[in-house]
Amino acid sequence: MLASAGCATVDGRVDPAMFPATREAAADRSAANGSANRSPAAVGLALPAPLVAQEYLGERLDESMGTRVRVPIGHIVEAAALGTLAQTFDGGVRRTDGGNLRTDSKDAAGAVAAIVAITRIEMDYREELRYFVPLGPLILSDSRLTVRLLLGVELRDPAGHPLWSKTLDSGAIEPRTPHSPLAKGYEDRPTSVIRLAHQAAWRLLLDLSREARDWVEAEHSRERRL
């Protein structure tokens with residue numbers, strides 16, 4: 001999950017266990033008609049290599065001895081996109097980056113019902129001091145950690161023509177783990193940054209996957225009526 005790179009920088013890694021996939025999948029299965037939450041079609045994913053390779057090196061975290069966190073946000077977004085699309089489309093996910101089709105799909109013919117494209121990735125994390133109270137040799141302090149993720153996305157038809165585009169914004173999200181190192185379940189700041197990046201990516205891309213599924217199902221219904 002995390003690897004030290006010198007004394008002042010922590011390198012994050014993709015960790016599938018940090019995605020909230022199990023909870024989201026259980027919510028889908030609890031619906032009255034679970035099959036309505038999935039499409040039998042295959043879907044394309046366009047995510048260019050330069051975006052996959054994108055990293056974010058943030059500011060120093062005062063509560064972690066001035067450590068900075070390098071977040072492999074492109075790889076996190078890629079893993080979240082593949083996971084959420086596979087959870088939503090039974091036909092599988094096919095990579096269409098740069099027009100080159102690479103399959104991760106059960107659909108041997110290679111046809112896709114729509115293409116989800118990620119065109120921009122922006123991330124930021126901040127630690128804001130809430131209070132700082134010197135008490136002789138002791139210091140009482142507290143800070144607020146937030147992570148924000150923005151994705152530029154498009155939905156394209158099977159031929160690659162854009163249907164719509166928009167920006168997905170996670171807003172500023174905070175860790176839910178205990179703040180005190182003495183409390184059960186405590187998590188250090190660098191680990192929280194990586195976990196929040198995973199959670200933000202998964203939730204944004206799950207919403208996008210469901211929008212793509214709804215468009216595909218509406219398009220199939222329209223074709224059946226013609």
Side-chain angles (χ1 to χ4, degrees), residues 1-27 47 51-85 87 118 120-135 138-153 167-209:
M1 178 179 59
L2 297 176
S4 177
C7 60
T9 302
V10 168
D11 287 338
R13 299 172 182 165
V14 178
D15 183 352
M18 287 188 169
F19 290 132
T22 302
R23 185 169 60 254
E24 300 287 359
L47 178 55
L51 286 182
V52 175
Q54 187 171 317
E55 296 180 333
Y56 175 75
L57 181 60
E59 65 183 24
R60 298 186 184 281
L61 297 167
D62 291 336
E63 287 203 6
S64 294
M65 306 297 290
T67 298
R68 302 175 73 187
V69 184
R70 182 179 289 109
V71 184
I73 190 60
H75 286 289
I76 291 172
V77 167
E78 177 187 42
L82 290 170
T84 56
L85 289 169
Q87 181 175 299
I118 300 173
R120 177 169 59 96
I121 301 173
E122 295 183 15
M123 179 193 164
D124 184 30
Y125 71 75
R126 297 181 182 276
E127 187 180 45
E128 302 172 355
L129 187 65
R130 282 175 164 159
Y131 59 80
F132 183 88
V133 181
L135 298 173
L138 301 177
I139 294 176
L140 296 180
S141 66
D142 189 26
S143 62
R144 175 178 181 250
L145 175 68
T146 59
V147 169
R148 185 179 184 184
L149 178 65
L150 289 89
L151 300 178
V153 300
T167 298
L168 305 179
D169 186 350
S170 70
I173 57 176
E174 301 181 51
R176 297 182 179 179
T177 52
H179 195 67
S180 171
L182 301 178
K184 183 179 180 181
Y186 168 77
E187 187 171 77
D188 62 46
R189 290 303 212 197
T191 301
S192 290
V193 167
I194 299 299
R195 183 180 303 279
L196 291 174
H198 280 72
Q199 292 177 354
W202 184 272
R203 287 173 178 140
L204 291 181
L205 289 163
L206 184 60
D207 287 344
L208 179 61
S209 297

Salt-bridged, Glu127 to Arg144, with N to O below 4.0 Å? no

Working to the nearest 0.5 Å, report the span between CZ of Arg148 and CG of Asp124. 8.5 Å

Kindly indicate whether the side chain of Glu55, heavy atoms from C-beta on, has any atom under 4.5 Å from the side chain of Ile73. no

State, to 0.1 Å, how close Ile76 and Ala197 come at their nearest heavy-atom pair, and which atoms those are. CG2-O, 3.9 Å

For atom CZ of Arg120, decide whether the heavy atoms of other residues, nucleotides or ligands shown that lie under 6.0 angstrom number more than 12. yes

Distance-only donor-acceptor check, side chains Glu174 and Thr146, under 3.5 Å: no

What heavy-atom pair brings Gly58 and Arg68 nearest, and what distance separates the two atoms? O-NE, 2.8 Å

Are the side chains of Leu149 and Leu196 in touch, meaning some heavy atoms are under 4.5 Å apart? no

What's the spacing between Glu187 CD and Ser192 OG if we round to 0.5 Å? 4.0 Å

Say whether, by atom type as modelled, one donor and one acceptor occur between the side chain of Tyr56 and the main chain of Glu122 under 3.5 angstrom. no

Answer yes or no: is there a donor N or O on one side and an acceptor on the other, between the side chain of Ser209 and the main chain of Leu205, under 3.5 Å? yes

Within the 4.5 Å heavy-atom criterion, are Thr167 and Leu151 side-chain neighbours or not? no

In Å, rounded to the nearest 0.5 Å, how long is the span from CD1 of Ile194 to OG1 of Thr191? 8.0 Å

Would you say that Leu150 contacts Leu168 through its side chain, given a criterion of any heavy-atom pair below 4.5 Å between the two side chains? no

Answer whether the closest heavy-atom distance between the side chains of Gln87 and Leu206 falls below 4.5 Å. yes

Taking Asp11 first and then Arg70, would you say they form a salt bridge - that is, a charged N and a carboxylate O separated by under 4.0 Å? yes

Would a distance-only check, ignoring hydrogens and angles, find a side-chain to backbone donor-acceptor pair under 3.5 Å from Tyr125 to Val69? yes

Leu51 CG to His75 NE2 distance, which is reported to the nearest 0.5 Å: 11.0 Å

Check against side chain to side chain contact (heavy atoms under 4.5 Å, CB included), Met123 and Val71: CA-CA 9 Å; Met123 179 193 164; Val71 184; 3.7 Å; yes

Donor-acceptor pair, distance only, cut-off 3.5 Å: does the side chain of Arg60 make one with the backbone of Thr67? no

Are Arg203 and Thr84 close enough, and set up right, to give a side-chain hydrogen bond (donor to acceptor under 3.5 Å, both in side chains), and what steps lead you there? CA-CA 9 Å; Arg203 287 173 178 140; Thr84 56; over 6 Å; no

Do Ile121 and Ile118 come close enough that some side-chain heavy atom pair is under 4.5 Å? yes

Can any side-chain N or O of His198 pair as donor or acceptor with the backbone N or O of Asp15 at less than 3.5 Å? yes

